[in-house]
Amino acid sequence: MTDKKQTESVRAASGMRKGLTNYGDTGFSLFLRKAFIKGAGYSDKALDRVVVGIANTGSSYNPCHGNAPQLIEAVKRGVMLAGGLPMDFPTISIGESFAQPTSMFLRNLMSMDTEEMIRAQPMDSIVLIGGCDKTVPAQLMGAASAGIPSIQLITGSMLTGSHQGERVGACTDCRRYWGKFRAGEIDEQEISAVNNQLVASVGTCSVMGTASTMACIAEALGMTVPGGASPPAVTADRIRIAEETGAQAVKIAQNQLTIDKILTADALENAMRVLLAIGGSTNGIVHLAAIAGRVGFDIDMQALDRMGRETPVLLDLKPSGSHYMEDFHKAGGMATLLRELKPLLKLNALTVMGRTLGEQLELDGPGFKQDVVRSMANPIYPQGGIAVLNGNLAPGGAVIKQSAANPELMEHEGRAVVFENMEDMAARIDSDDLDVTATDVLVLKNIGPKGAPGMPEAGYLPIPQKLARMGVKDMVRISDGRMSGTAFGTIVLHVTPESAVGGPLAHVRNGDRIRLSVKNREISLLIGDAELAQRGVDNPVHEPVAARGYRKLFLQTVTQADKGVDFDFLRSEHTQGSTPKLG
Ligand code: FES
């Protein structure tokens, strides 16, 4: 190849020359593309620049992304300051409480949208603007599969409100006040007044729910600029982070810092460490498993549990603690946390800044006195927030957020009170005729990946009303579903395999005895193996199917919780083994 041809070939692989539409004549394809974009007023000089795509997830249905217009403006400013050309484009946006049957049903669709639009359109790097629970994992999954230089921009948390002098924020306080209302402790007027105060601005939930968890995980993975996780949505700090993100997106494009160099085994291990140390949402494990699967890793759940035994919860945020995200930001955000966790981190992991995590922590310098991130010597919970359970009820594992559970119930044996599905539960749970006591174990079937479908956050079963009125605040609850990271209680989740594919949970009956021992990491149905097998023969499970459309694709290809509830055909073809690898 001549020098001239080589230069042309390199130029062809970048900017507006990238990924030309196929008309059988590349010269014509570029000519046509430029003609159309010039219709929007662009000059040749602008079109010669490095192109930074910006995934715009603003939507009237997603107030957690309500600051998207301001963020896009700031990202564009950053891109222009660094000499690039910003090009924003829409993708699917998912607002947690606006998605039916559940946002998780749509996460994989959003990841496919993100991946394919990155592939389809000419861009040298991509800024992913995400925040609400499923959006950040969907974007990281999609970008990991697309493989170009990528950087995550978090929308940021909402501000807290105030009800009768008490500070409140979504959504731990949503659940607390709703529990009071159900128990008859507050009336219609007060619950309506609280409703006005729980969400004081646009932005993501203000506690350590899934959105905050994924923001911290994104920074721990090295996928955001430093300090990118914590600034609230409506602050100047958040806008400055957006501007810096735009500028850095140009650099990672110029340096070809592709996402596979960031999403390594070490980065995933750091993310798991952080998940445990922040008392993060159990959903974080599912999403991390899906992201890991896109780059060829399996999460070793037993190793994760061992990691949890040596990783205390340091972050004092609701629901495990008492503060909110804006307090975490004022306390220095992730730099403060990572500084404390430093002895447990893989410091050689590369970040989107082009430096290692260790080098970044050196640059961040010393900390200051604050009361949101505890020291290793004085944690808010001695082990990691999440424990992995096993036993004949969950041969593929289950999880419990032990830091938000009731210590008195974590070693418990009780009688099963079984609901066959969500409809059954809704019809009977508040009935005065329900045969239930406070020491029973509530079991909900068919809310797993295929069961509902989409593994809804229905694992936080409400306390039966007649017990709630007697002052019962917590019971052991078990399901194959998920739970919001903002929720609390002694709740066993992600039972694998799920009941809808014939997991043992499908064969639990009213009156069976169930044992939970978090200390021994055990969740057991106290019947013999032979009887459990016979129940399977007597009552075979027929897996749900759909006639057409996305639901059909979902039911045919969705994996179980331990594989991230991703579609099997979206996982990487190239296996890299399991993570974490502990000595
Ligand atoms: Fe969007 Fe909580 S509802 S982050």
Side-chain angles (χ1 to χ4, degrees), residues 55-68 71 91-107 110 128-140 152-161 168-178 194-219 224 228-235 238 275 278-284 286-287 317-320 323-329 401 404 454-460 482-488:
N56 176 1
T57 50
S59 161
S60 297
Y61 289 106
N62 193 352
C64 305
H65 294 203
N67 59 343
L71 293 180
T91 73
I92 293 173
S93 186
I94 310 171
E96 195 59 27
S97 49
F98 293 86
Q100 195 273 341
T102 171
S103 60
M104 188 65 170
F105 181 63
L106 299 165
R107 184 203 60 180
M110 182 175 175
L128 307 155
I129 301 182
C132 195
D133 295 13
K134 306 303 174 294
T135 60
V136 172
Q139 291 181 319
L140 289 173
Q152 184 79 54
L153 174 60
I154 302 296
T155 59
S157 61
M158 60 183 69
L159 300 180
T160 51
V168 292
C171 229
T172 305
D173 297 321
C174 312
R175 296 175 199 286
R176 192 164 55 82
Y177 272 94
W178 190 249
V194 171
N195 193 256
N196 283 337
Q197 295 304 318
L198 287 163
V199 180
S201 75
V202 296
T204 57
C205 287
S206 53
V207 297
M208 190 44 74
T210 305
S212 303
T213 299
M214 291 311 300
C216 295
I217 280 179
E219 187 167 345
T224 72
S230 62
V234 295
T235 59
R238 174 55 62 197
L275 171 67
I278 60 179
S281 164
T282 45
N283 290 323
V286 179
H287 297 319
L317 244 64
K318 288 189 175 191
S320 299
H323 292 283
Y324 295 87
M325 275 303 276
E326 60 195 84
D327 306 316
F328 180 38
H329 181 56
K401 189 168 181 178
M455 207 181 179
E457 290 185 340
Y460 180 74
R482 297 176 302 115
M483 161 176 102
S484 164
T486 65
F488 46 89

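Reckoned from all heavy atoms, side chains included, excluding hydrogens, waters and symmetry mates. In each ligand, atom 1 is the first atom listed, and ligand 1 is the first ligand listed.
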Participant: If you take all heavy atoms of T155 and G131, which pair is closest and at what distance?
Facilitator: OG1-CA, 3.5 Å
Participant: At a 4.0 Å threshold, what atoms of ligand 1 neighbour a non-hydrogen atom of A211?
Facilitator: 4 (S)
Participant: With a cut-off of 2.8 Å, does C205 put an N/O/S atom close enough to atom 1 (Fe) of ligand 1?
Facilitator: no
Participant: With a cut-off of 4.0 Å, which atoms of ligand 1 are near a heavy atom of D133?
Facilitator: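 Listed by number with element, the hits are 2 (Fe), 4 (S).
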Participant: What atoms of ligand 1 come closer than 4.0 angstrom to any heavy atom of C64?
Facilitator: 1 (Fe), 3 (S), 4 (S)
Participant: Decide yes or no for H287 and K134: does some side-chain heavy atom of the first lie under 4.5 Å from some side-chain heavy atom of the second?
Facilitator: yes
Participant: Considering only heavy atoms of C132, which atoms of ligand 1 have at least one such atom less than 4.0 Å away?
Facilitator: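 Every atom of ligand 1 under 4.0 Å from some heavy atom of C132: 1 (Fe), 3 (S), 4 (S).
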Participant: Side chains of R482 and S281: closer than 4.5 Å at any heavy-atom pair?
Facilitator: no
Participant: Taking side chain as C-beta onward, heavy atoms only, is C216 less than 4.5 Å from F328?
Facilitator: yes
Participant: Near E96, which atoms of ligand 1 are under 4.0 Å from a heavy atom of that residue?
Facilitator: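 Listed by number with element, the hits are 3 (S).
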Participant: Using side-chain heavy atoms (C-beta onward) and a distance below 4.5 Å, is D133 in contact with M214?
Facilitator: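 The answer is no, as the side chains (C-beta and beyond) never meet within the 4.5 Å cut-off.
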